[in-house]
Amino acid sequence: MAYNYITAEEAAAMINNGDTIGTSGFTAPGSPKLITEALAAKALKEQEAGREFKVNLFSGASTSDHVDGVMARANAYNMRAPYQNVPDLRKRINAHDCHYFDRHLSEMAQEVRYGTYGPIDVAIIEAADINEKGEVILGCGLGNVTVFASMAKKIFIELNDRLPKSLLGMHDVYMPLDPPYRREIPIYAPNDRIGSPVLKIDPSKVMGIVRTSSYDCVKPFTAPDATSALIGKNVVNFLVGEYKAGRLPKEFLPLQSGVGNVANAVLYDLGESKDLPPFMMYTEVIQDAVLELLKKGKCTFASTCSMTFSDTTEQELFADLSYFHDKIMMRPAEISNNPEVIRRLGVIAMNTALEADIFGNVNSTHVLGHRMMNGIGGSGDFTRNAYLSIFSCPSVSKGGLISNIVPMVAHPDHSEHSVDVIVTDQGIADLRMKDPVQRAYEIINNCAHPDYRPLLLEYLKSGVPGQTPINLKCAFAFHNALNETGDMHNVDYSKYM
């Protein structure tokens, strides 16, 4: 079939007010670059003419400024899901200019397929290549593209000439059947292939191909600071202790890691550890540190949904793609984050927290309980199903004005029932086989900053006697002190008694 090559503006002209759009990608890699920019420009023109123009946009996870930035600045979103990390969109969400619902990433595709969110009008897919049969070589991130492409009425392809066609074979495109016909997902090791190397779409739905030549614009991560380095060392020390004690198998277990500088610091320390054997990863995102681990042979294989490399590291990958070709496999989000597979493989989950409370509950999403930061992402998918679930964060933020260990989290994303270990720059709290009071002492003594330990102990001792001795009057005294004075040190429990 011969495809029409069109401009991004021509593609945007075929997208209507009220349409629901599904994009490829998971983080910036694989996300559109040009069509959404043209769509934002169209929205502004329509609004200036007094006509409403807003769309719903679903993705695999976060996107980039090419998508969420320009669309948010144009106020062109009615609804957005399941995850985001762009400041302009965050402002819209917290101002209720955009309806945002935060979903576990493993659930989004099947909920779309089940019809929960209505029809998909448009799919925008970044690709390295497409043939006349509708076989697409995808880019560096899959997300929920399988279900969006299958359900969309119209498909637009962004053909990015910066993506090598030799990516063919690094994708494992698989979509499970729906209940009651679903079978087990036959992944028994991270490097098992179960699907197709290409995404197969209906060529008749392709409205046009837009040529692009764009990088993902992922910035390099900064070198770990002293706090991140301590956290990384503590996580690795904990894993070494578990391994030497025989609580981890001699082959070790697959690792999942969240994103960011702390996650990268942990991975770099794992690469330096002489006490742990080479390992595989079964995760949702691999970052720059993983490429180094693969080169060293410390990580022998990485199953992921996205290669979220900085632009410089991505160029390094493409220059030596033959070496990495059989060491990385990209899968759709409902497979990379699938609870069944995570539980079967015994994945060790390592994620970051905004704050944790003394009983082991974790807040991953909301600053002071009310301002959305990014979203829960895949942390819940892995935490609730992991062999070991580890959360890490600095003990304090803002030069010590904020304690990230608090009496009660202001927004609970992960309950005490799912969190095994909390790690900060101060130390390690192993919460397994401990009742709530034991957990509290473990967290206060090992993870809280020394400046805040007396205040946390005072709160614990003031709690109403019971299995979990909370004090409802003082539970948010830390947060109130920050709101009122800008400093959590200024806690005054007597104000609430």
Side-chain angles (χ1 to χ4, degrees), residues 87 90 221-235 237-238 258-266 269 350-374 390-414 419 421-429 431 439-463 470-471 474-496:
R90 188 181 303 136
F221 287 96
T222 56
D225 60 18
T227 299
S228 297
L230 281 171
I231 293 171
K233 189 174 295 184
N234 286 337
V235 171
N237 286 342
F238 171 76
V259 297
N261 287 322
V262 170
N264 257 319
V266 171
D269 274 343
M350 303 182 295
N351 289 286
T352 54
L354 289 179
E355 64 180 3
D357 69 30
I358 61 174
F359 300 114
N361 304 291
V362 167
N363 173 11
S364 294
T365 59
H366 284 74
V367 177
L368 289 171
H370 67 101
R371 289 204 316 274
M372 169 58 71
M373 190 65 181
N374 296 330
I390 302 169
F391 276 94
S392 59
C393 64
S395 58
V396 292
S397 299
K398 301 294 183 185
L401 299 178
I402 296 174
S403 172
N404 296 320
I405 305 297
V406 294
M408 181 179 287
V409 290
H411 180 91
D413 290 299
H414 311 282
V419 180
V421 181
I422 292 175
V423 177
T424 70
D425 50 293
Q426 299 297 318
I428 303 159
L431 309 182
R439 288 198 299 269
Y441 281 113
E442 182 83 1
I443 293 169
I444 294 169
N445 293 330
N446 294 311
C447 291
H449 192 279
D451 287 357
Y452 288 98
R453 287 175 191 168
L455 288 167
L456 292 166
L457 288 169
E458 184 181 351
Y459 170 80
L460 179 62
K461 291 171 183 175
S462 76
I470 65 170
N471 181 330
C474 301
F476 297 115
F478 275 47
H479 302 89
N480 288 332
L482 182 66
N483 275 328
E484 293 165 7
T485 71
D487 188 346
M488 285 188 176
H489 288 102
N490 297 324
V491 169
D492 181 3
Y493 292 124
S494 66
K495 292 172 59 177
Y496 311 104

Practice task
May I ask you to test the L456-P407 pair for a side-chain heavy-atom distance under 4.5 Å?
Solution key: yes
Exercise for the section: With side chain to side chain contact (heavy atoms under 4.5 Å, CB included) as the test, would you mind laying out the steps for F478 and S403 before giving the verdict? Expected result: CA-CA 8 Å; F478 275 47; S403 172; 4.1 Å; yes
Exercise for the section: Verify side chain to side chain contact (heavy atoms under 4.5 Å, CB included) between I444 and Y452, making sure each step is shown before the conclusion. Expected result: CA-CA 8 Å; I444 294 169; Y452 288 98; over 6 Å; no
Fill in the blank from the handout: All heavy atoms of C393 vs all of A353, minimum pair found to be CB-O, 3.3 Å
Practice task
Over all heavy atoms of both residues, which pair between F476 and A410 is shortest? Give the atoms and the distance, please.
Solution key: CE2-CA, 3.8 Å
Exercise for the section: Can you sort out the partners of E484 under side chain to side chain donor-acceptor pair (under 3.5 Å), two or more places apart, ordered by chain and number? Expected result: K495
Exercise for the section: With the side chain counted from C-beta on, respond yes when L431 and F359 share a heavy-atom pair under 4.5 Å apart, and no when they do not. Expected result: no
Handout entry: Any donor-acceptor pair under 3.5 Å from N471 side chain to A475 backbone
Key = no
Handout entry: Closest heavy-atom pair and its distance - Y496, N480
Key = OH-CB, 3.2 Å
Completion exercise
Distance col, row L455:CG vs C474:SG, nearest 0.5 angstrom, shows 11.0 Å
Problem - Within-4.5 Å side-chain heavy-atom neighbours: H411 and R371 - result: no
Problem - Side-chain heavy-atom pair I358, Y441 within 4.5 angstrom cut-off - result: no
Do any side-chain atoms of residues 226-234 form donor-acceptor pairs under 3.5 angstrom with protein atoms, and if so which ones, sequence neighbours left out?
from, atom 1, to, atom 2, distance (Å)
S228, OG, D225, OD1, 3.0
N234, ND2, L230, O, 3.3
N234, ND2, T424, O, 2.8

Exercise for the section: Please examine the side chains of P412 and V409, heavy atoms only from C-beta on, and report whether any two atoms are closer than 4.5 Å. Expected result: yes
Handout entry: Atom pair CG (L401) and CE (M488), whose distance is rounded to the nearest 0.5 Å
Key = 9.5 Å
Problem - side-chain contact (heavy atoms from CB on, under 4.5 Å) partners of M372, counting only residues at least two apart - result: Q84, I93, N94, Y100, D102, T365, H366
Practice task
Can you see which heavy atom on A448 is nearest to which on Q426, and at what distance?
Solution key: O-CG, 3.5 Å
Handout entry: Donor-acceptor under 3.5 Å (R90 side chain, M373 main chain)
Key = yes
Practice task
Might you work through the side chain to side chain contact (heavy atoms under 4.5 Å, CB included) test for L482 and L368, ending with a clear yes or no?
Solution key: CA-CA 9 Å; L482 182 66; L368 289 171; 3.8 Å; yes
Completion exercise
Value for CG (D357) from CD1 (I470), rounded to nearest 0.5 Å, stands at 10.0 Å
Fill in the blank from the handout: Across all chains, not counting sequence neighbours, the ring-ring contact (aromatic ring centres under 6.0 Å, His included) partners of Y459 are none
Practice task
Check for a donor-acceptor pair, side chain of E355 on one end and backbone N or O of V362 on the other, with a separation under 3.5 Å.
Solution key: no
Exercise for the section: Answer yes or no: is there a side-chain heavy-atom contact under 4.5 Å between I390 and N351? Expected result: no
Practice task
Let me know which of D425, D451, N404 forms a side chain to side chain donor-acceptor pair (under 3.5 Å) with S395.
Solution key: D425
Problem - Contacts of type side chain to side chain donor-acceptor pair (under 3.5 Å), residue D269, not counting sequence neighbours - result: none
Problem - Student check: side-chain heavy atoms of H414 and S364 closer than 4.5 Å - result: yes
Problem - Interatomic distance, I443 atom CD1 to I428 atom CD1 [nearest 0.5 angstrom] - result: 13.5 Å
Exercise for the section: Report the distance from atom CD1 of I422 to atom CG of N446, rounding to the nearest 0.5 Å. Expected result: 11.0 Å
Practice task
Taking the side chain as every heavy atom from C-beta outward, state whether V421 and F238 have any pair of such atoms under 4.5 Å apart.
Solution key: yes
Handout entry: Residues H479, H370; criterion side chain to side chain contact (heavy atoms under 4.5 Å, CB included); working and verdict
Key = CA-CA 11 Å; H479 302 89; H370 67 101; over 6 Å; no
Fill in the blank from the handout: Those residues at least two apart in sequence (or on a different chain) that pass side chain to side chain donor-acceptor pair (under 3.5 Å) with D487 are H489
